[in-house]
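When a ligand or atom number is given, it counts from 1 through the structure's own listing order.
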Amino acid sequence: MAKRQTPALEGAVMTADGLSYKGVIMEPVVEKCDGCERIVTIEEKNFCPSYAQPERKWAHGVCNFATHVRATVDSEGKTKVNPLKASKRAARGR
Ligand code: SF4
């Protein structure tokens, strides 16, 4: 039997102020989150179980919890965002 995982954002409720989870209002994910496996859809909106404010998470660079991109710093010290497509190829086994 599959290992039971706690469903992300379990018990979250939609309120007039937005999605409330454990007393925190969760803000919807931002465009940059697109493709991240952590996204949870509740009532047709996408939320991040890791961050209540995904926009703030991206404001200072790349979200370090993102599953779809990873930041690297190039030789000039600039941050580059790399889509994580290689991982899929590796999983398939060349
Ligand atoms: S983990 Fe980061 S990239 Fe993924 S949904 Fe949350 S804020 Fe967005």
Side-chain angles (χ1 to χ4, degrees):
M1 204 196 265
K3 204 167 107 191
R4 189 182 181 278
Q5 286 185 327
T6 306
L9 297 179
E10 188 180 47
V13 284
M14 199 53 90
T15 71
D17 294 331
L19 186 72
S20 174
Y21 180 59
K22 293 184 179 170
V24 176
I25 295 297
M26 308 294 287
E27 290 177 10
V29 299
V30 292
E31 210 176 295
K32 288 172 180 168
C33 295
D34 247 9
C36 179
E37 286 168 17
R38 291 179 201 271
I39 291 175
V40 176
T41 306
I42 296 173
E43 298 196 8
E44 288 169 23
K45 284 195 182 147
N46 293 331
F47 297 94
C48 172
S50 303
Y51 295 104
Q53 296 169 309
E55 193 173 2
R56 292 249 302 258
K57 193 63 209 164
W58 284 93
H60 305 289
V62 175
C63 171
N64 57 327
F65 270 86
T67 64
H68 59 315
V69 288
R70 187 122 304 160
T72 52
V73 179
D74 69 13
S75 52
E76 288 164 27
K78 283 195 202 136
T79 305
K80 283 175 51 180
V81 179
N82 301 309
L84 289 180
K85 289 203 186 109
S87 59
K88 272 190 192 151
R89 232 174 288 139
R92 232 185 289 135
R94 282 174 210 216

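Listed by atom number, the atoms of ligand 1 under 4.0 Å from Arg38 heavy atoms are 1 (S). Residue contact check: Cys63 has heavy atoms under 4.0 Å from atoms 1 (S), 2 (Fe), 3 (S), 7 (S) of ligand 1. Those atoms of ligand 1 with a heavy atom of Ala66 less than 4.0 angstrom away are 3 (S). Listed by number with element, the atoms of ligand 1 under 4.0 Å from a non-hydrogen atom of Cys48 are 1 (S), 5 (S), 6 (Fe), 7 (S). Atoms of ligand 1 lying under 4.0 Å from at least one heavy atom of Ile39, given by number and element, are 5 (S). In summary, the atoms of ligand 1 found under 4.0 Å from a heavy atom of Phe65, numbered by their order in the structure, are 1 (S).
We find the CG-CG distance between Asn82 and Asp74 to be 10.0 Å, quoted to the nearest 0.5 Å.
Ligand 1 is never approached by Phe47 to a heavy-atom distance shorter than 4.0 Å.
Under a hydrophobic clustering in which Ile, Leu, Val, Met, Phe, Trp and Tyr are joined whenever their side-chain heavy atoms come within less than 4.5 Å, directly or via other members, Phe65 and Val29 fall into different clusters.
Side-chain N or O atoms of Thr15 include one that pairs as donor or acceptor with a backbone N or O of Gly18 at under 3.5 Å.
The nearest protein atom to atom 4 (Fe) of ligand 1, hydrogens excluded, is given as Cys36 SG, 2.3 Å; this is a heavy-atom distance. Here the protein heavy atom with the shortest distance to atom 8 (Fe) of ligand 1 is Cys33 SG, 2.3 Å.
Within the 4.5 Å cutoff, the side chain of Arg38 has heavy atoms near those of the Thr67 side chain. Side-chain contact between Leu84 and His68: absent, with no pair of heavy atoms (C-beta onward) separated by less than 4.5 Å.
For the side-chain contact (heavy atoms from CB on, under 4.5 Å) test with Trp58, the passing option among Gln53, Lys32, Glu31 is Lys32; the others fail.
A salt bridge is defined here as a Lys NZ or Arg NE, NH1 or NH2 lying under 4.0 Å from an Asp or Glu carboxylate O, and Glu43 with Lys45 fails to meet this definition.
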